Amino acid sequence: MRQWNTRKTLREERIAAGGAFATGKTIDPARLVDFLEAVLRPSDRVCIEGDNQKQADVLARGLAAVDPARIHDLHMVQSGVVLPEHLDIFETGIAKRLDFSYSGPQSARIAKMLFGGKIELGAIHTYLELFARYFVDLTPQVALIAAVSADRHGNLYTGPNTEDTPTVVEATSFGSGLVIAQVGEIVDTLPRVDIPGDQVHFVLDAGRPFYVEPLFTRDPAAMTETQILTAMLAIKGLYEPYGVRRLNHGIGFNTAAIELLLPTYGEKLGLKGKICTHWALNPHPTLIPAIEAGWVEQVHCFGSEVGMEDYLAARPDIFFTGPDGSLRSNRAFSQTAGLYACDMFIGSTLQIDLAGHSSTITANRIAGFGGAPNMGSDARGRRHPSAPWLQAGAEADPDTAAPLRRGRKLVVQIGETFGEGNAPLFVEKLGALELAEKLDLDLAPIMVYADDTTHIVTEEGIANLLLCRTADEREQAIRGVAGFTEIGRGRDTAMVERLRARKIIQRPEDLGIDPLDANRNMLAARSIKDLMLASGGLYRPPSRFRNW
Amino acid sequence: MSNVRQSWYEAGARERIAALVDAASFAEFIGPERREISPHLSIFDLPAQFDDGIVVGAAAIDGTPVLVAAQEGRFMGGAFGEVHGAKLTGLLRAAKALGRDVVIAFDTGGVRLQEANAGEIAIAEIMRAVAEARMAGARVVGLIGGRAGCYGGGGLIAGCCSTLIVSEQGRISVSGPEVIETNKGVEEFDSRDRGFVWRTMGGKHRTLIGGADVFVDDDATAFREAARAALARPAGLDAAMLSAEQARLERRIARFGDAPDATDIWRGLGIADPQAIPDMPAAGFADLAAQYRESADDAR
Amino acid sequence: MEILHFDIAAPTPATGTRAMALVGVVASGNLEVLLERSDVSDRCVIEVTTAAHGFRDLWDAVTADFVARRAAGGLRIAINDGGARPDTVSLRLAQGVRMIEEPEA
Amino acid sequence: MTPAEILDSLFPAGHAVTSEGDLLFGRATLGDGMVHVIGATGGAPIGIDQAIRLSARVLEVAGSDDAAPLLFLVDTASQRMSRRDELLGLSEYLAHLAKTLLLAEAQGHRTIGLLYGGSAAGAFIATALACGTLVALPGAHPEVMDLPSMARVTKLPIELLEEKAKATPVFAPGLDNLVRVGGIAEVWDVGRSLGDQLTALLAHSRSGDDRATVGAARGGRPKAAAIADEILATAQR
């Protein structure tokens, strides 16, 4: 007779074994490693948060300290590989296989370990993909999560950085897995309940808040004239003509410059209320001046940002907040919003090839994807119309009858022709391809596919790929905005001029922009201090961003 | 976009001078077209700058002739090399000879490492020239609010000036945060804790303890107005003034020598909520400082 | 230091009467551009001193584009380069021409 | 040489100099006259506590109308690197010390720095280099920045810096280099009476700050004197 409850039975066994090192649900902090050795089994599928921003750092340290003779060959399924401990466990053999999305600070080490065969790679996912697989074939058997606080029943308050937690807990707990939460404190009454206690099996009082990284703070003081020029081009050449109201911004300086130009340059162009009203966006400090100037109607957030908490709580008309007043973020929902409900994604990348594929992966750095491919892709399941979506669709496909014609999401890559260390943005062959060859991958890790990319903005101008009718036109449109890179210098000048006549390429002067007007005085805030002052003192920047 | 505040912190040396003096009144001495570059940087395969990172010359403020100098903090951190230093020395000797006031916009990390010995002597020469110019009746007004702050020998030169005007961003110190951390450890000085760095060395703290005289917003116009006022103050440097400074500095050690943190000093000055000081806007802070600060009037 | 010389036929002479102009500073990723007048109104002479060796092709392209697009005739230009990107070089050169063409106060 | 040996050789006719920690204060007899003596010794760093005591004494000297010279014995480290000293405004204390020395000189007291050990950075500027004349004993080892630190900042190997240092005195530490850039007027001969050498020095009156001129003559600072002179001349036109 088949047993139909082996998973639940296994969970009961884990709970019983872990109970030896806990009082009720509360783990004895001094016995954390013993506890983890008791509840884990070799080859378990384990999810550790491991998010974009917040980290279950104490649990990660505990996991890295378990005896590899007892616990080994774990299959880690986590969105963010961020802490050194996340990779240490692969060095020691505690873990073997990895499915992940993003690895910002560990991108160089993860590459080295992949080449060295220390990690058996499942796949590099987008966030939504990985979350989806939590419910299909990568359901965690054990989840190690992070929250701000818990009560005696194991109810959790995740605070502004809720991020991945509800998704991870949903899949794990209802998939008969074990949920272990690290919290900063255990309290009698929570400000709000983000995760119900009956989905949480054990709680560790870490005695201090989880580690969280300010990833989305861009210091206006570091913004260059060239970045400001690209921002001006985007506003006047894309936001205005398409009337983009619902959108997502990447985290680079170019898009931060756009945010800071809205109340100045955008205002001058009379665009207030006509663009940039609804966002799927982390709470970028650089958006404060636009919010304060009344540009923004609503923002839903993937996560939070260190120092923004009080400001967000004081602007509940704009941000999603709980009954306690603090921000409620949710990565899975916000990613879905970015995919289906936004008309534009605009972000930076490291490399673009002649077809228009782009990637942030180079041969030595595997930064992963995060959410950009979700935002930066055309949602084939989209059915609701909007003016920008329809207009982009018409540009791409003028011949199909309007009622049968799909719209297109605007997917814009923005950057300077040369990036950090004078590395060219435009390349003949993507580093991602070299990586795929080196690791013998079936699929090169492309962040945004060429057929999703609609525009490229550089200081030299805007290339509208929707209007290109042949591969040749497309290549010359890209070369035509590639500046002095080798790709740019290899352009067919006559053809580029023809593309310009058809407005496939638009130069600053074609848009009435004098590059010499692009200066820092146009920024609504020129320093972190300006942002703090614009927030009425509600934004409290972390010490590392201060110069006061 | 008109009526935009011009940030002193962001401005270059030439922009600072333009903001400071009467329109079209500035005449540069040994300008960039002379290409009097550092003879030493090429040893290190480093690019030179045509003015060696300092602009000096004659100008007028409200019609009154002055001598002006501005360091370029972005070139080699505004550091003093042989040529850079000699331009300022010459200007200060001219101040003494002409009995003419000098305004110096500091923006420096101190001595330029690649020509350390020349820079070190240059600082000594400049300090002597400042003191002698002041003894001859010239005012030497220092403005501090640039990216590089005013460190090392720059801090010592600033300490010789008759009046110091500082913004919040301006830091005045001898050893830089990284240098202290490297030599004495992160427990002694955490250079990455920028809030701590500014609390210990920044313009607000210096204003409160009397290390600077006038606090202004990060605004070129504010610096100009403050410089105008400073040029109207009594001039001179004599025994009485230095005795007063001796007493002032002794009193500071007696009162605050055991204070572990700037906020303890600020509380000791009578400020009820010292934690609120760093985030205070300039105007509010200036009012508060006027009430509680240690003054260095006639004691510098 | 690598020193590069360019002497380029310039279609458009620079206007104005200022004898010289200076823009930019020598810093990482930045450069200083000193513009002066010469007697030859249909040529532009550019001398670059740079710590980044081996980028002659790039300087060729940037200076040629500059002279083709801006009023660079009759200018003698000296550059101290701190490893600036081509877009920054173009911007500074353009700023320099604007400054030397400005009416004198 | 120790401070005591130096003082004995300088002032065979007698001296009353007492040490307070690493500082020296007192007076001595030289020929028919008297010399004020202060010292910063022991290779110790100069912080606010040291600077304020030195400046107090220099102010007293400046205020006395004896026109006697002031001799400053110097063997220090750099300025004290600490949170407390910077919090309390070390730059002001060092500048104040330098100003008192310059005032004493202006009030008619020759100020002579005698560098017999080390000195560095801000401490060097505020003590030895703030004197009207700076002399050194052989074996003195002034430095603005040590080569290992310089190697760190310039990202050049130390061997390469040592190699470059042979070609120019402009950056590397050491007495010879400081002499060549004009920072040190002369190096005394310890085989002879230091008192005689001091007497000879005092017999020559000093006119203005000639360090740049000396540095040019000795090939250590090729440009400084000419540039400063030109600016002075231009401003006076």
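Just so it is clear, the model here is predicted, and its values are computed rather than measured. To find a chain, count down the sequence lines: A is the first, B the second, and so on, and within it residues start at 1.
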Checklist entry - Centre of B:Phe50's six-membered ring, under 6.0 Å away, within 45 degrees of the axis: is that where NZ or CZ of B:Arg34 sits? => result no
Checklist entry - Who among C:Ala51, C:Ala78, C:Ala19 has the most heavy-atom pairs with chain B under 4.5 Å? => result C:Ala78
Checklist entry - Taking B:Ala48, B:Ala13, B:Ala23, B:Gly31 one by one, which has the highest count of heavy-atom pairs under 4.5 Å against chain C? => result B:Ala48
Checklist entry - Checking heavy atoms, do the side chain of B:Leu46, its backbone, both or neither come under 4.5 Å from chain C? => result backbone
Checklist entry - Is it the side chain or the backbone of B:Gln49 that comes within 4.5 Å of chain C heavy atoms, both, or neither? => result both
Next on the checklist: Does the structure place the NZ or CZ of B:Arg112 under 6.0 Å from the centre of the six-membered ring of B:Phe80, at an angle of no more than 45° from the ring's axis?
Outcome noted: no
Checklist entry - Given a strict heavy-atom distance threshold of 4.5 Å, which part of C:Met20 is in contact with chain B: side chain, backbone, both, or neither? => result side chain
Checklist entry - Take atom CZ in B:Arg192; do more than 12 heavy atoms of anything else shown fall under 6.0 Å from it? => result no
Checklist entry - How close do B:Gly145 and B:Gln169 get, heavy atom to heavy atom, and via which atoms? => result O-CB, 4.4 Å
Checklist entry - Taking it one step at a time, do C:Arg76 and C:Glu36 satisfy salt bridge (charged side-chain N to carboxylate O under 4.0 Å, His left out)? => result CA-CA 5 Å; C:Arg76 196 155 55 88; C:Glu36 295 165 293; 3.8 Å; yes
